[in-house]
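Numbers for residues simply follow the sequence, beginning at 1.
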Amino acid sequence: QVQLVESGGGLVQPGGSLRLSCAASGTIFSIYPMYWYRQAPGKQRELVAHITGGGSTTYADSVKGRFTISRDNAKKMVYLQMNSLMPEDTAVYYCHGIGNNWGQGTQVTVSS
């Protein structure tokens with residue numbers, strides 16, 4: 001059974017940084033693309049970043065240059081480094097991949 005568990009969310013001031021982590025278990029990890037999504041209150045869930053098994057990445061325009069997705073296949077981990085955070089980045093962030101599996105989400109709040 002595949003499990004995805006996020007961690008690393010929290011409250012941060014505008015301009016600050018956070019690093020989200022997603023731990024995968026239950027299956028071969030390295031062959032699957034992985035994704036970070038987010039959902040703000042009253043809004044649809046949106047794709048933030050994507051990484052292939054080989055490490056190629058894509059980003060939403062709203063986070064390009066500020067967020068970096070990475071992965072450690074040996075540890076079955078995916079990361080989202082978020083810099084220069086803005087209040088509009090406030091959302092629940094979800095890890096997604098390995099078929100249609102989702103984590104439980106981690107709250108990120110950017111506020112002074």
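- Remark: the backbone N or O of Q104 is paired with a side-chain donor or acceptor of E6 at under 3.5 angstrom.
- Inter-residue side-chain proximity for D72 and S70 is flagged as unmet; no heavy-atom pair is nearer than 4.5 Å.
- Residues V92 and V108 fall into different hydrophobic clusters, defined by Ile, Leu, Val, Met, Phe, Trp and Tyr side chains chained together at heavy-atom separations under 4.5 Å.
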inquiry  = Does L11 form a side-chain contact (heavy atoms from CB on, under 4.5 Å) with S111? I'd like the steps, not just the answer.
reply    = CA-CA 7 Å; L11 173 63; S111 175; 4.2 Å; yes

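- With a 4.5 Å cut-off on side-chain heavy atoms, F67 and L80 count as touching.
- When side chains are defined from C-beta on, S25 does not count as touching K76, because their heavy atoms never get closer than 4.5 Å.
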Does the side-chain contact (heavy atoms from CB on, under 4.5 Å) test come out yes or no for Q81 and S17, once each step is laid out? CA-CA 7 Å; Q81 178 66 43; S17 298; 4.0 Å; yes

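- Within the 4.5 Å cutoff, the side chain of S21 has no heavy atoms near those of the K75 side chain.
- Nearest approach of A40 to A91, heavy atoms of both residues: N-CB, 3.8 Å.
- By the 6.0 Å contact criterion, CD on Q107 is enclosed, its count of non-hydrogen atoms from other residues, nucleotides or ligands being greater than 12.
- Cation-pi contact between R45 and Y94: present, with separation from the ring centre below 6.0 Å and deviation from the ring axis of at most 45°.
- Hydrophobic clustering keeps Y79 apart from V48 (ILVMFWY residues linked when any side-chain heavy atoms are closer than 4.5 Å, directly or through intermediates).
- In this structure, the side chains of L20 and T106 come closer than 4.5 Å at one or more pairs of heavy atoms.
- Residue pairs that meet the ring pair (Phe, Tyr, Trp, His ring centres under 6.0 Å) test with at least one member in residues 25-47, sequence neighbours left out, are Y35-H50, Y35-H96, Y37-H96, Y37-W102.
- Linking Ile, Leu, Val, Met, Phe, Trp and Tyr whenever their side-chain heavy atoms come within less than 4.5 Å leaves Y93 and M86 in two separate clusters.
- Looking at R38 and V63, their side chains come closer than 4.5 Å, going by heavy atoms from C-beta outward.
- By the rule that hydrophobic residues join a cluster once side-chain heavy atoms approach within less than 4.5 Å of another member, V2 and I51 end up as members of one cluster.
- To the nearest 0.5 Å, the span separating CG on L47 from OG1 on T58 amounts to 6.0 Å.
- Here the side chains of R71 and I69 are not in contact, with every heavy-atom distance at 4.5 Å or above.
- Residues I31 and L4 share a single hydrophobic cluster, defined by chaining ILVMFWY side chains whose heavy atoms lie under 4.5 Å apart.
- Other residues, nucleotides and ligands contribute at most 12 non-hydrogen atoms within 6.0 Å of the CD atom of Q44.
- The shortest side-chain heavy-atom distance between L85 and Q13 does not fall under the 4.5 Å cut-off.
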